[in-house]
Amino acid sequence: MKRICVVIVLCAGVGSCDPRLPSGPDIYVDFESIDAPTAPLSETSKSLMNGVYEVVQGGSEFGNPVVGKWTGNRWGLYSQHDAVYAISAGGSSGDSIKLRGYIRYVRSGSGIRVKLTISSTDGAPEVIAGVPPPSLRIHGTTENGIKIELRRVREIASSPFEILAHRGGGRNSDRLGISENSIPMIRYAALLGATGVEVDVKRTRDNKLILFHDDSFSPRTVQGIYLLGKVENFDLEHIRSLGRLIHGEQIPTLSEALTAVVDETDLSLVWLDIKDPLAVPQVVQIQKEIMAYASTRGRDSLSILLGIPSEEVLNAYTPFRDSSDALLELDVETALSLPRCRVWAPAWTRNITPGDVAAMRAANKRVFTWTVDLRESIVSYMERIDGILSNYPTLVTGIHDSRE
Amino acid sequence: MKPVIIIVLLLASASLRAQTPGDTTYQVELTATASPMINFFRLPRAPQIPGKASVGYGISLRAMWHPGRLLSVGLLSGYYVIAEDEISVDRPSTSLTFSAHLAAVPLQLALSMQKSGVEIGLGVGPYFVMSTIRGGTSASARGSRLEIGITFFGSYVFSLGESVKIGPELRVLSLRYRGIVSVMPSCSFRVDVLRY
(Lines give C-alpha, C1' and ligand atoms only; values in the text may rest on other atoms or scores of the structure.)
Protein backbone atom coordinates (compact mmCIF):
# COMPACT_ATOMS: atom_id res chain seq x y z
CA MET A 1 0.00 0.00 0.00
CA LYS A 2 2.87 2.29 0.89
CA ARG A 3 4.45 1.70 -2.50
CA ILE A 4 1.21 2.59 -4.28
CA CYS A 5 0.91 5.85 -2.32
CA VAL A 6 4.42 6.82 -3.30
CA VAL A 7 3.61 6.16 -6.93
CA ILE A 8 0.43 8.25 -6.73
CA VAL A 9 2.26 11.18 -5.12
CA LEU A 10 4.97 11.03 -7.76
CA CYS A 11 2.40 10.97 -10.54
CA ALA A 12 0.59 13.96 -9.04
CA GLY A 13 3.86 15.87 -8.85
CA VAL A 14 4.66 15.08 -12.46
CA GLY A 15 1.14 16.01 -13.53
CA SER A 16 1.44 19.48 -11.99
CA CYS A 17 4.50 20.41 -14.06
CA ASP A 18 3.61 22.03 -17.37
CA PRO A 19 6.53 24.05 -18.67
CA ARG A 20 4.88 24.99 -21.96
CA LEU A 21 4.56 28.71 -22.61
CA PRO A 22 1.37 30.04 -24.17
CA SER A 23 1.94 30.41 -27.87
CA GLY A 24 0.88 33.30 -30.03
CA PRO A 25 -0.09 35.26 -31.80
CA ASP A 26 -3.63 34.15 -31.77
CA ILE A 27 -4.89 37.54 -32.70
CA TYR A 28 -4.71 38.82 -36.20
CA VAL A 29 -5.32 42.42 -37.05
CA ASP A 30 -5.64 43.40 -40.68
CA PHE A 31 -4.04 46.81 -40.40
CA GLU A 32 -4.51 47.55 -44.06
CA SER A 33 -8.26 47.24 -43.81
CA ILE A 34 -8.19 49.50 -40.76
CA ASP A 35 -6.19 52.14 -42.60
CA ALA A 36 -8.51 52.15 -45.59
CA PRO A 37 -11.67 53.82 -44.26
CA THR A 38 -9.72 56.54 -42.44
CA ALA A 39 -7.69 59.42 -43.83
CA PRO A 40 -4.00 59.33 -42.93
CA LEU A 41 -2.80 61.91 -40.47
CA SER A 42 -0.12 64.40 -41.40
CA GLU A 43 3.27 64.26 -39.73
CA THR A 44 2.35 67.41 -37.81
CA SER A 45 -0.81 65.77 -36.53
CA LYS A 46 1.10 62.69 -35.50
CA SER A 47 3.66 64.74 -33.59
CA LEU A 48 0.82 66.42 -31.70
CA MET A 49 -0.38 62.99 -30.58
CA ASN A 50 3.06 61.85 -29.46
CA GLY A 51 3.50 62.25 -25.74
CA VAL A 52 3.24 60.87 -22.25
CA TYR A 53 -0.30 59.98 -21.24
CA GLU A 54 -1.85 59.67 -17.82
CA VAL A 55 -3.86 56.47 -17.65
CA VAL A 56 -7.19 57.64 -16.25
CA GLN A 57 -8.82 54.28 -16.93
CA GLY A 58 -7.14 51.03 -17.90
CA GLY A 59 -4.34 51.13 -15.40
CA SER A 60 -4.72 47.40 -14.88
CA GLU A 61 -3.50 46.90 -18.44
CA PHE A 62 -0.78 49.52 -18.80
CA GLY A 63 0.12 50.88 -15.42
CA ASN A 64 0.51 54.67 -15.33
CA PRO A 65 1.70 56.61 -17.30
CA VAL A 66 2.15 55.30 -20.83
CA VAL A 67 4.00 56.66 -23.83
CA GLY A 68 2.18 57.10 -27.10
CA LYS A 69 4.01 57.70 -30.33
CA TRP A 70 3.77 57.13 -34.03
CA THR A 71 6.23 54.97 -35.90
CA GLY A 72 5.52 55.31 -39.58
CA ASN A 73 1.79 54.79 -39.92
CA ARG A 74 1.38 52.81 -36.72
CA TRP A 75 0.45 54.25 -33.33
CA GLY A 76 2.20 52.63 -30.38
CA LEU A 77 1.48 52.72 -26.66
CA TYR A 78 4.31 51.64 -24.37
CA SER A 79 3.93 50.83 -20.73
CA GLN A 80 6.65 51.78 -18.28
CA HIS A 81 5.19 49.38 -15.76
CA ASP A 82 5.66 46.05 -17.53
CA ALA A 83 6.30 44.64 -20.99
CA VAL A 84 2.89 45.61 -22.32
CA TYR A 85 2.40 47.52 -25.50
CA ALA A 86 -0.25 48.30 -28.08
CA ILE A 87 0.01 48.81 -31.82
CA SER A 88 -2.83 50.28 -33.78
CA ALA A 89 -3.59 51.79 -37.14
CA GLY A 90 -6.05 54.32 -38.37
CA GLY A 91 -6.46 58.02 -38.92
CA SER A 92 -9.05 60.73 -39.17
CA SER A 93 -12.67 59.91 -39.77
CA GLY A 94 -14.74 63.06 -39.98
CA ASP A 95 -13.83 65.16 -36.97
CA SER A 96 -12.56 62.28 -34.88
CA ILE A 97 -9.56 60.01 -34.96
CA LYS A 98 -10.09 56.26 -34.93
CA LEU A 99 -7.49 53.65 -34.24
CA ARG A 100 -7.77 49.86 -34.15
CA GLY A 101 -5.18 47.33 -33.13
CA TYR A 102 -4.07 45.04 -30.37
CA ILE A 103 -2.55 45.10 -26.91
CA ARG A 104 0.14 42.51 -26.35
CA TYR A 105 1.37 41.22 -23.01
CA VAL A 106 4.86 40.12 -23.91
CA ARG A 107 5.70 38.08 -20.83
CA SER A 108 2.68 35.85 -21.23
CA GLY A 109 2.43 35.98 -25.00
CA SER A 110 -1.28 36.81 -24.91
CA GLY A 111 -3.03 39.68 -26.59
CA ILE A 112 -6.39 41.32 -27.08
CA ARG A 113 -7.86 43.63 -29.66
CA VAL A 114 -8.45 47.25 -28.80
CA LYS A 115 -10.34 50.20 -30.26
CA LEU A 116 -9.17 53.73 -29.54
CA THR A 117 -10.89 57.00 -30.41
CA ILE A 118 -10.13 60.68 -30.05
CA SER A 119 -13.50 62.34 -30.28
CA SER A 120 -14.37 65.78 -31.54
CA THR A 121 -14.57 67.09 -27.97
CA ASP A 122 -11.27 65.58 -26.90
CA GLY A 123 -8.91 67.41 -29.26
CA ALA A 124 -9.35 65.51 -32.51
CA PRO A 125 -10.32 68.50 -34.74
CA GLU A 126 -7.25 70.45 -33.61
CA VAL A 127 -4.94 67.49 -34.09
CA ILE A 128 -6.35 66.85 -37.56
CA ALA A 129 -5.86 70.51 -38.40
CA GLY A 130 -2.29 70.37 -37.13
CA VAL A 131 -2.67 72.79 -34.23
CA PRO A 132 -2.06 71.96 -30.56
CA PRO A 133 -5.33 71.06 -28.84
CA PRO A 134 -6.16 72.53 -25.42
CA SER A 135 -6.42 68.97 -24.17
CA LEU A 136 -6.07 65.58 -25.71
CA ARG A 137 -7.84 62.46 -24.51
CA ILE A 138 -8.05 59.01 -25.99
CA HIS A 139 -10.90 56.71 -25.10
CA GLY A 140 -10.99 53.06 -25.89
CA THR A 141 -12.26 49.59 -25.16
CA THR A 142 -10.60 46.22 -25.33
CA GLU A 143 -12.41 43.24 -26.81
CA ASN A 144 -13.06 41.89 -23.32
CA GLY A 145 -14.70 45.13 -22.23
CA ILE A 146 -11.92 46.90 -20.35
CA LYS A 147 -12.32 50.67 -20.62
CA ILE A 148 -9.29 52.78 -21.45
CA GLU A 149 -8.93 56.53 -21.04
CA LEU A 150 -5.67 58.32 -21.62
CA ARG A 151 -4.93 62.01 -21.07
CA ARG A 152 -1.88 63.58 -22.66
CA VAL A 153 0.19 65.33 -19.99
CA ARG A 154 3.59 66.15 -21.47
CA GLU A 155 6.08 65.69 -24.24
CA ILE A 156 8.16 62.58 -24.68
CA ALA A 157 11.58 62.80 -22.99
CA SER A 158 14.11 63.80 -25.58
CA SER A 159 17.40 62.69 -24.05
CA PRO A 160 19.31 60.40 -26.40
CA PHE A 161 19.39 56.78 -25.40
CA GLU A 162 19.91 53.67 -27.46
CA ILE A 163 17.24 50.99 -27.06
CA LEU A 164 18.43 47.78 -28.66
CA ALA A 165 16.19 44.81 -29.39
CA HIS A 166 17.81 41.45 -28.66
CA ARG A 167 18.05 39.08 -31.65
CA GLY A 168 16.24 41.61 -33.76
CA GLY A 169 13.19 41.91 -31.55
CA GLY A 170 13.71 40.34 -28.14
CA ARG A 171 11.42 37.75 -26.65
CA ASN A 172 8.77 38.64 -29.11
CA SER A 173 10.01 35.92 -31.44
CA ASP A 174 8.33 33.21 -29.39
CA ARG A 175 5.15 35.16 -28.93
CA LEU A 176 4.54 37.23 -32.00
CA GLY A 177 4.66 34.82 -34.89
CA ILE A 178 7.83 36.46 -36.19
CA SER A 179 11.14 34.62 -35.93
CA GLU A 180 14.16 36.04 -34.18
CA ASN A 181 17.02 37.18 -36.39
CA SER A 182 14.70 37.60 -39.37
CA ILE A 183 14.07 40.51 -41.71
CA PRO A 184 10.38 40.80 -40.71
CA MET A 185 11.49 41.05 -37.07
CA ILE A 186 14.04 43.73 -37.95
CA ARG A 187 11.26 45.66 -39.70
CA TYR A 188 9.08 45.28 -36.61
CA ALA A 189 11.76 46.36 -34.12
CA ALA A 190 10.97 50.06 -34.40
CA LEU A 191 7.33 49.36 -33.53
CA LEU A 192 8.66 47.81 -30.33
CA GLY A 193 10.32 51.13 -29.55
CA ALA A 194 13.80 50.01 -30.50
CA THR A 195 16.31 52.44 -31.96
CA GLY A 196 18.59 49.59 -32.96
CA VAL A 197 18.90 45.82 -33.08
CA GLU A 198 21.36 43.18 -32.05
CA VAL A 199 21.60 40.26 -34.44
CA ASP A 200 23.65 37.07 -34.40
CA VAL A 201 25.95 36.12 -37.24
CA LYS A 202 26.88 32.56 -38.13
CA ARG A 203 29.16 31.17 -40.81
CA THR A 204 28.05 28.34 -43.08
CA ARG A 205 30.25 25.56 -44.39
CA ASP A 206 30.88 27.51 -47.61
CA ASN A 207 31.87 30.59 -45.63
CA LYS A 208 28.68 32.57 -46.16
CA LEU A 209 27.27 34.65 -43.32
CA ILE A 210 23.70 34.24 -42.14
CA LEU A 211 21.70 35.59 -39.23
CA PHE A 212 21.25 32.76 -36.76
CA HIS A 213 21.84 32.48 -33.02
CA ASP A 214 22.34 28.83 -32.16
CA ASP A 215 25.29 26.68 -33.14
CA SER A 216 22.89 23.98 -34.34
CA PHE A 217 19.60 23.86 -36.17
CA SER A 218 16.72 22.55 -34.09
CA PRO A 219 12.92 22.41 -34.22
CA ARG A 220 12.89 25.41 -31.89
CA THR A 221 14.41 27.64 -34.51
CA VAL A 222 13.85 26.20 -37.99
CA GLN A 223 11.36 24.30 -40.11
CA GLY A 224 12.76 21.59 -42.33
CA ILE A 225 13.59 18.13 -41.03
CA TYR A 226 16.75 17.81 -43.11
CA LEU A 227 18.44 20.74 -41.37
CA LEU A 228 19.68 19.31 -38.11
CA GLY A 229 22.87 19.55 -36.23
CA LYS A 230 25.58 22.17 -36.61
CA VAL A 231 25.08 25.15 -38.91
CA GLU A 232 28.67 24.80 -40.10
CA ASN A 233 27.87 21.39 -41.64
CA PHE A 234 25.68 22.94 -44.34
CA ASP A 235 26.23 25.24 -47.29
CA LEU A 236 24.12 28.32 -47.75
CA GLU A 237 22.17 26.76 -50.62
CA HIS A 238 21.21 23.78 -48.43
CA ILE A 239 20.03 26.09 -45.68
CA ARG A 240 18.05 28.37 -47.96
CA SER A 241 16.59 25.57 -50.06
CA LEU A 242 15.61 23.05 -47.41
CA GLY A 243 14.73 25.14 -44.41
CA ARG A 244 12.96 28.17 -43.10
CA LEU A 245 12.94 29.94 -39.78
CA ILE A 246 10.41 28.62 -37.32
CA HIS A 247 7.67 31.00 -38.42
CA GLY A 248 8.32 30.44 -42.11
CA GLU A 249 10.67 33.28 -43.01
CA GLN A 250 13.70 32.76 -45.19
CA ILE A 251 16.94 32.59 -43.23
CA PRO A 252 18.60 35.87 -44.21
CA THR A 253 22.17 36.45 -45.15
CA LEU A 254 23.96 39.21 -43.30
CA SER A 255 23.99 41.35 -46.44
CA GLU A 256 20.26 40.95 -46.96
CA ALA A 257 19.51 41.85 -43.36
CA LEU A 258 21.69 44.96 -43.33
CA THR A 259 20.29 46.08 -46.67
CA ALA A 260 16.81 45.78 -45.18
CA VAL A 261 17.91 47.91 -42.23
CA VAL A 262 19.04 50.62 -44.66
CA ASP A 263 16.09 50.47 -47.03
CA GLU A 264 13.16 49.55 -44.82
CA THR A 265 13.82 50.96 -41.35
CA ASP A 266 14.93 54.08 -39.54
CA LEU A 267 17.03 52.12 -37.06
CA SER A 268 20.18 53.93 -36.06
CA LEU A 269 22.38 51.08 -34.87
CA VAL A 270 23.04 47.42 -35.63
CA TRP A 271 25.12 45.33 -33.25
CA LEU A 272 26.57 42.30 -35.02
CA ASP A 273 27.10 39.59 -32.44
CA ILE A 274 29.89 37.38 -33.78
CA LYS A 275 31.08 34.32 -31.91
CA ASP A 276 33.20 32.86 -34.72
CA PRO A 277 36.54 34.64 -35.24
CA LEU A 278 36.81 33.17 -38.74
CA ALA A 279 33.78 35.24 -39.73
CA VAL A 280 35.41 38.56 -38.89
CA PRO A 281 37.12 39.36 -42.24
CA GLN A 282 33.95 38.83 -44.17
CA VAL A 283 31.88 40.79 -41.64
CA VAL A 284 34.27 43.71 -42.03
CA GLN A 285 33.88 43.55 -45.80
CA ILE A 286 30.10 43.48 -45.64
CA GLN A 287 30.09 46.22 -43.02
CA LYS A 288 32.08 48.43 -45.37
CA GLU A 289 29.84 47.69 -48.36
CA ILE A 290 26.64 48.36 -46.47
CA MET A 291 27.91 51.59 -44.94
CA ALA A 292 28.81 52.80 -48.43
CA TYR A 293 25.35 51.82 -49.62
CA ALA A 294 23.75 53.54 -46.63
CA SER A 295 25.57 56.71 -47.50
CA THR A 296 24.09 56.67 -51.00
CA ARG A 297 20.66 56.33 -49.40
CA GLY A 298 21.14 59.26 -47.06
CA ARG A 299 21.57 57.01 -44.02
CA ASP A 300 24.91 58.36 -42.84
CA SER A 301 23.75 58.28 -39.23
CA LEU A 302 23.44 54.49 -39.25
CA SER A 303 26.04 52.68 -37.15
CA ILE A 304 26.90 49.06 -37.89
CA LEU A 305 29.14 47.78 -35.13
CA LEU A 306 31.15 44.58 -35.19
CA GLY A 307 30.59 43.01 -31.81
CA ILE A 308 33.64 41.67 -29.99
CA PRO A 309 32.57 39.27 -27.23
CA SER A 310 35.82 37.34 -26.74
CA GLU A 311 39.58 37.47 -27.00
CA GLU A 312 39.45 35.20 -30.06
CA VAL A 313 37.23 37.61 -31.96
CA LEU A 314 39.35 40.51 -30.73
CA ASN A 315 42.46 38.90 -32.16
CA ALA A 316 40.69 38.37 -35.49
CA TYR A 317 39.54 42.00 -35.44
CA THR A 318 42.97 43.49 -34.70
CA PRO A 319 44.09 43.76 -38.37
CA PHE A 320 40.94 45.80 -39.03
CA ARG A 321 41.08 47.98 -35.92
CA ASP A 322 41.70 51.13 -37.91
CA SER A 323 38.95 50.60 -40.45
CA SER A 324 36.03 48.82 -38.82
CA ASP A 325 33.66 50.26 -36.22
CA ALA A 326 33.26 47.95 -33.27
CA LEU A 327 31.48 47.34 -30.00
CA LEU A 328 33.54 45.67 -27.30
CA GLU A 329 32.18 43.48 -24.50
CA LEU A 330 35.54 42.99 -22.75
CA ASP A 331 37.39 45.35 -20.39
CA VAL A 332 37.27 49.12 -20.49
CA GLU A 333 41.02 49.47 -21.07
CA THR A 334 40.82 47.48 -24.30
CA ALA A 335 37.80 49.52 -25.38
CA LEU A 336 39.74 52.72 -24.87
CA SER A 337 42.73 51.36 -26.78
CA LEU A 338 40.80 50.55 -29.97
CA PRO A 339 40.51 53.64 -32.17
CA ARG A 340 37.30 52.53 -33.90
CA CYS A 341 35.59 51.06 -30.83
CA ARG A 342 32.46 53.19 -30.66
CA VAL A 343 30.76 51.42 -27.77
CA TRP A 344 31.86 49.57 -24.67
CA ALA A 345 29.15 47.05 -23.83
CA PRO A 346 29.93 44.78 -20.90
CA ALA A 347 27.38 42.34 -19.53
CA TRP A 348 25.08 43.65 -16.81
CA THR A 349 26.80 41.34 -14.34
CA ARG A 350 29.91 43.46 -14.55
CA ASN A 351 30.17 46.40 -12.23
CA ILE A 352 30.10 49.48 -14.47
CA THR A 353 31.60 52.24 -12.41
CA PRO A 354 31.00 55.96 -12.91
CA GLY A 355 34.73 56.26 -13.56
CA ASP A 356 34.50 53.76 -16.42
CA VAL A 357 31.58 55.62 -17.95
CA ALA A 358 33.32 58.97 -17.60
CA ALA A 359 36.47 57.61 -19.23
CA MET A 360 34.51 56.22 -22.15
CA ARG A 361 32.55 59.42 -22.66
CA ALA A 362 35.72 61.50 -22.47
CA ALA A 363 37.01 59.38 -25.34
CA ASN A 364 33.79 60.03 -27.27
CA LYS A 365 32.64 56.45 -26.82
CA ARG A 366 29.31 55.23 -25.52
CA VAL A 367 28.47 52.65 -22.88
CA PHE A 368 25.77 50.01 -23.25
CA THR A 369 24.96 46.93 -21.25
CA TRP A 370 23.07 43.67 -21.86
CA THR A 371 20.71 41.93 -21.50
CA VAL A 372 18.56 43.92 -19.10
CA ASP A 373 14.90 42.98 -18.67
CA LEU A 374 13.92 43.91 -15.12
CA ARG A 375 12.24 47.25 -14.63
CA GLU A 376 14.36 48.25 -11.64
CA SER A 377 17.57 47.44 -13.47
CA ILE A 378 16.48 49.34 -16.56
CA VAL A 379 15.70 52.42 -14.47
CA SER A 380 19.06 52.18 -12.74
CA TYR A 381 21.13 51.79 -15.89
CA MET A 382 19.19 54.43 -17.75
CA GLU A 383 20.54 57.07 -15.37
CA ARG A 384 24.14 55.99 -15.87
CA ILE A 385 24.85 54.76 -19.39
CA ASP A 386 23.93 55.37 -23.01
CA GLY A 387 22.01 52.30 -24.11
CA ILE A 388 20.49 48.99 -23.12
CA LEU A 389 20.06 45.73 -24.98
CA SER A 390 16.83 44.15 -23.84
CA ASN A 391 14.37 41.42 -24.62
CA TYR A 392 11.67 43.95 -23.78
CA PRO A 393 12.41 47.08 -25.81
CA THR A 394 8.83 48.23 -25.28
CA LEU A 395 9.45 48.41 -21.54
CA VAL A 396 12.70 50.32 -22.01
CA THR A 397 10.87 52.72 -24.33
CA GLY A 398 8.05 53.22 -21.86
CA ILE A 399 10.47 53.97 -19.05
CA HIS A 400 12.79 56.21 -21.05
CA ASP A 401 10.24 58.25 -22.95
CA SER A 402 8.05 58.88 -19.91
CA ARG A 403 10.81 60.43 -17.80
CA GLU A 404 10.25 63.98 -16.65
CA MET B 1 7.86 13.45 -21.33
CA LYS B 2 5.26 13.51 -18.57
CA PRO B 3 3.29 10.52 -19.98
CA VAL B 4 6.53 8.57 -20.27
CA ILE B 5 7.37 9.13 -16.64
CA ILE B 6 3.89 8.07 -15.57
CA ILE B 7 4.06 4.92 -17.68
CA VAL B 8 7.46 3.99 -16.31
CA LEU B 9 6.26 4.52 -12.76
CA LEU B 10 3.18 2.37 -13.37
CA LEU B 11 5.27 -0.38 -14.94
CA ALA B 12 7.65 -0.26 -12.02
CA SER B 13 4.81 -0.45 -9.53
CA ALA B 14 3.23 -3.32 -11.44
CA SER B 15 6.50 -5.18 -11.37
CA LEU B 16 6.42 -5.08 -7.60
CA ARG B 17 3.46 -7.45 -7.76
CA ALA B 18 4.57 -9.40 -10.81
CA GLN B 19 6.65 -11.94 -9.03
CA THR B 20 6.37 -15.63 -9.17
CA PRO B 21 8.81 -16.51 -6.44
CA GLY B 22 8.92 -20.11 -7.43
CA ASP B 23 10.06 -19.39 -11.02
CA THR B 24 13.85 -19.07 -11.17
CA THR B 25 14.28 -19.37 -14.95
CA TYR B 26 16.01 -16.48 -16.61
CA GLN B 27 16.39 -15.93 -20.33
CA VAL B 28 17.67 -13.44 -22.81
CA GLU B 29 15.67 -13.00 -25.98
CA LEU B 30 16.65 -11.29 -29.20
CA THR B 31 13.85 -9.91 -31.34
CA ALA B 32 14.40 -8.66 -34.88
CA THR B 33 11.86 -6.96 -37.08
CA ALA B 34 11.80 -5.41 -40.51
CA SER B 35 8.98 -3.25 -41.65
CA PRO B 36 7.70 -0.32 -43.60
CA MET B 37 7.17 2.93 -41.72
CA ILE B 38 4.39 5.44 -42.12
CA ASN B 39 5.63 8.76 -40.81
CA PHE B 40 3.63 11.83 -39.85
CA PHE B 41 5.21 15.26 -39.48
CA ARG B 42 3.94 18.23 -37.50
CA LEU B 43 5.49 20.64 -39.99
CA PRO B 44 6.37 20.29 -43.69
CA ARG B 45 9.58 18.34 -44.28
CA ALA B 46 10.87 21.07 -46.56
CA PRO B 47 9.45 24.33 -47.91
CA GLN B 48 8.70 22.69 -51.26
CA ILE B 49 6.88 19.69 -49.76
CA PRO B 50 3.39 20.53 -48.50
CA GLY B 51 2.52 16.99 -47.44
CA LYS B 52 3.01 15.94 -43.87
CA ALA B 53 3.38 12.21 -44.31
CA SER B 54 6.00 9.94 -45.78
CA VAL B 55 6.71 6.25 -46.19
CA GLY B 56 9.97 4.79 -44.97
CA TYR B 57 11.34 1.50 -43.73
CA GLY B 58 13.38 0.15 -40.91
CA ILE B 59 14.83 -2.74 -39.01
CA SER B 60 14.71 -3.08 -35.27
CA LEU B 61 16.66 -5.17 -32.80
CA ARG B 62 15.63 -5.75 -29.24
CA ALA B 63 17.51 -7.69 -26.57
CA MET B 64 15.36 -8.35 -23.54
CA TRP B 65 16.34 -9.92 -20.25
CA HIS B 66 13.33 -11.83 -19.19
CA PRO B 67 13.65 -12.80 -15.62
CA GLY B 68 10.78 -15.22 -15.68
CA ARG B 69 8.47 -12.48 -14.46
CA LEU B 70 5.93 -10.28 -16.18
CA LEU B 71 8.41 -7.47 -16.57
CA SER B 72 11.36 -7.55 -18.93
CA VAL B 73 14.13 -5.03 -19.37
CA GLY B 74 16.51 -4.69 -22.23
CA LEU B 75 17.98 -2.60 -25.01
CA LEU B 76 16.40 -1.46 -28.23
CA SER B 77 18.13 -0.31 -31.38
CA GLY B 78 17.79 -0.45 -35.11
CA TYR B 79 17.91 1.70 -38.20
CA TYR B 80 14.93 3.60 -39.54
CA VAL B 81 14.77 5.50 -42.80
CA ILE B 82 12.14 8.09 -42.01
CA ALA B 83 12.09 10.16 -45.17
CA GLU B 84 13.74 10.37 -48.56
CA ASP B 85 12.91 13.22 -50.88
CA GLU B 86 13.96 14.61 -54.24
CA ILE B 87 13.51 18.36 -53.93
CA SER B 88 13.63 20.83 -56.79
CA VAL B 89 14.30 24.46 -56.07
CA ASP B 90 13.87 27.13 -58.71
CA ARG B 91 16.48 29.83 -58.91
CA PRO B 92 16.36 32.91 -61.17
CA SER B 93 18.51 31.36 -63.87
CA THR B 94 18.46 27.67 -63.08
CA SER B 95 16.85 24.91 -61.11
CA LEU B 96 18.57 22.88 -58.41
CA THR B 97 17.68 19.36 -57.35
CA PHE B 98 18.55 17.93 -53.95
CA SER B 99 18.32 14.38 -52.63
CA ALA B 100 17.61 14.46 -48.94
CA HIS B 101 17.58 11.54 -46.54
CA LEU B 102 16.56 11.35 -42.88
CA ALA B 103 17.30 8.34 -40.73
CA ALA B 104 17.26 7.53 -37.04
CA VAL B 105 18.97 4.99 -34.82
CA PRO B 106 17.32 4.34 -31.46
CA LEU B 107 19.59 3.78 -28.47
CA GLN B 108 17.00 3.01 -25.87
CA LEU B 109 16.25 1.22 -22.67
CA ALA B 110 13.28 -1.05 -23.20
CA LEU B 111 10.72 -2.20 -20.67
CA SER B 112 7.98 -4.65 -21.45
CA MET B 113 5.39 -6.88 -19.90
CA GLN B 114 4.57 -10.20 -21.41
CA LYS B 115 2.25 -13.10 -20.80
CA SER B 116 1.12 -15.95 -22.94
CA GLY B 117 2.97 -14.73 -26.01
CA VAL B 118 1.65 -11.16 -25.81
CA GLU B 119 4.23 -8.48 -25.16
CA ILE B 120 3.61 -4.77 -24.63
CA GLY B 121 6.41 -2.39 -23.90
CA LEU B 122 8.18 0.82 -24.58
CA GLY B 123 11.66 2.06 -25.26
CA VAL B 124 12.81 5.31 -23.75
CA GLY B 125 15.96 7.15 -24.61
CA PRO B 126 17.74 8.94 -27.40
CA TYR B 127 17.47 8.58 -31.11
CA PHE B 128 20.53 9.42 -33.14
CA VAL B 129 18.92 11.36 -35.98
CA MET B 130 20.93 11.82 -39.17
CA SER B 131 20.34 13.77 -42.34
CA THR B 132 22.16 13.67 -45.65
CA ILE B 133 21.71 16.18 -48.42
CA ARG B 134 23.17 15.60 -51.90
CA GLY B 135 22.84 17.54 -55.10
CA GLY B 136 22.62 21.20 -55.96
CA THR B 137 25.97 22.73 -56.72
CA SER B 138 27.56 21.80 -53.39
CA ALA B 139 29.20 18.78 -51.93
CA SER B 140 26.93 16.57 -49.88
CA ALA B 141 26.16 17.69 -46.37
CA ARG B 142 25.50 15.64 -43.28
CA GLY B 143 23.95 16.61 -40.02
CA SER B 144 23.14 14.70 -36.87
CA ARG B 145 21.63 15.20 -33.49
CA LEU B 146 20.63 13.16 -30.45
CA GLU B 147 17.00 13.62 -29.58
CA ILE B 148 14.84 11.96 -26.95
CA GLY B 149 12.15 9.68 -28.29
CA ILE B 150 9.75 6.98 -27.20
CA THR B 151 9.05 3.71 -28.92
CA PHE B 152 5.89 1.77 -28.10
CA PHE B 153 5.68 -1.81 -29.23
CA GLY B 154 3.16 -4.57 -28.97
CA SER B 155 3.48 -8.06 -30.35
CA TYR B 156 2.13 -11.57 -30.26
CA VAL B 157 4.43 -14.48 -30.93
CA PHE B 158 3.87 -18.17 -31.24
CA SER B 159 6.52 -20.84 -31.06
CA LEU B 160 8.12 -22.39 -34.08
CA GLY B 161 10.38 -24.52 -31.99
CA GLU B 162 11.90 -24.74 -28.57
CA SER B 163 13.64 -21.38 -28.73
CA VAL B 164 12.28 -19.63 -31.82
CA LYS B 165 9.12 -17.59 -32.01
CA ILE B 166 7.48 -15.51 -34.72
CA GLY B 167 4.55 -13.20 -34.92
CA PRO B 168 3.18 -9.78 -35.77
CA GLU B 169 4.40 -6.64 -34.06
CA LEU B 170 3.24 -3.05 -34.16
CA ARG B 171 5.61 -0.29 -33.23
CA VAL B 172 4.93 3.43 -32.80
CA LEU B 173 7.79 5.82 -32.39
CA SER B 174 7.52 9.38 -31.28
CA LEU B 175 10.15 12.04 -31.77
CA ARG B 176 8.07 14.72 -30.15
CA TYR B 177 10.69 17.47 -30.21
CA ARG B 178 11.15 17.02 -33.95
CA GLY B 179 7.41 16.58 -34.52
CA ILE B 180 7.57 13.10 -36.00
CA VAL B 181 5.34 10.12 -35.22
CA SER B 182 5.88 6.87 -37.06
CA VAL B 183 3.85 3.67 -37.24
CA MET B 184 5.63 0.42 -38.11
CA PRO B 185 3.59 -2.74 -38.70
CA SER B 186 5.97 -5.65 -38.91
CA CYS B 187 6.71 -9.27 -38.45
CA SER B 188 9.00 -10.14 -35.57
CA PHE B 189 11.41 -13.01 -35.26
CA ARG B 190 12.41 -13.91 -31.69
CA VAL B 191 15.15 -16.21 -30.47
CA ASP B 192 16.04 -17.34 -26.97
CA VAL B 193 19.79 -16.92 -26.95
CA LEU B 194 20.40 -17.70 -23.33
CA ARG B 195 18.46 -19.56 -20.70
CA TYR B 196 19.68 -20.21 -17.18
Given heavy-atom pairs under 4.5 angstrom as the criterion, report whether the side chain, backbone, both or neither of [X] touches chain A.
X: B:Ser138; answer: both
X: B:Ser140; answer: backbone
X: B:Leu43; answer: side chain
X: B:Ile82; answer: neither
X: B:Arg142; answer: backbone
X: B:Tyr177; answer: both

Heavy-atom pairs under 4.5 Å with chain A are the metric here; pick the option from [options] that has the most.
options: B:Ala83, B:Pro44, B:Ser131; answer: B:Ser131
options: B:Leu96, B:Ile180, B:Val129, B:Asp85; answer: B:Asp85
options: B:Ile49, B:Ile87, B:Thr137, B:Leu146; answer: B:Thr137
options: B:His101, B:Glu147, B:Met130; answer: B:His101

Inter-residue atom distance [X].[atom1] - [Y].[atom2], 0.5 Å rounding:
X: A:Leu272; Y: A:Asp200; atom1: CG; atom2: CG; value: 9.5 Å
X: B:Phe128; Y: B:Ser77; atom1: CZ; atom2: OG; value: 11.5 Å
X: B:Ile148; Y: B:Arg178; atom1: CD1; atom2: CZ; value: 13.0 Å

Self-check item: Residues, nucleotides or ligands: over 12 heavy atoms within 6.0 Å of A:Lys230 NZ
Solution: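 At most 12 heavy atoms, drawn from other residues, nucleotides or ligands, come within 6.0 Å of this atom.
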Quiz item: Pick from A:Leu228, A:Leu242, A:Asn233: which one has the most heavy-atom pairs with chain B under 4.5 Å?
Solution: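 The option with the most such pairs is A:Leu228.
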Practice problem: Classify the ring geometry between B:Tyr156 and B:Phe158 as parallel (under 30°), tilted (30 to 60°) or perpendicular (over 60°). | Solution: tilted
Quiz item: Is there a donor-acceptor contact under 3.5 Å linking the side chains of B:Arg62 and B:Ser112?
Solution: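 No, no side-chain donor-acceptor contact under 3.5 Å.
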Quiz item: For A:Phe217, is the NZ or CZ atom of B:Arg145 found under 6.0 angstrom from the centre of its six-membered ring and inside 45 degrees of the ring axis?
Solution: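 That pair does not qualify as a cation-pi contact.
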Quiz item: For the salt bridge (Lys or Arg N to Asp or Glu O under 4.0 Å) test, which of A:Asp215, A:Asp273, A:Asp276 pairs with A:Lys202?
Solution: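 So the option named by the test is A:Asp215.
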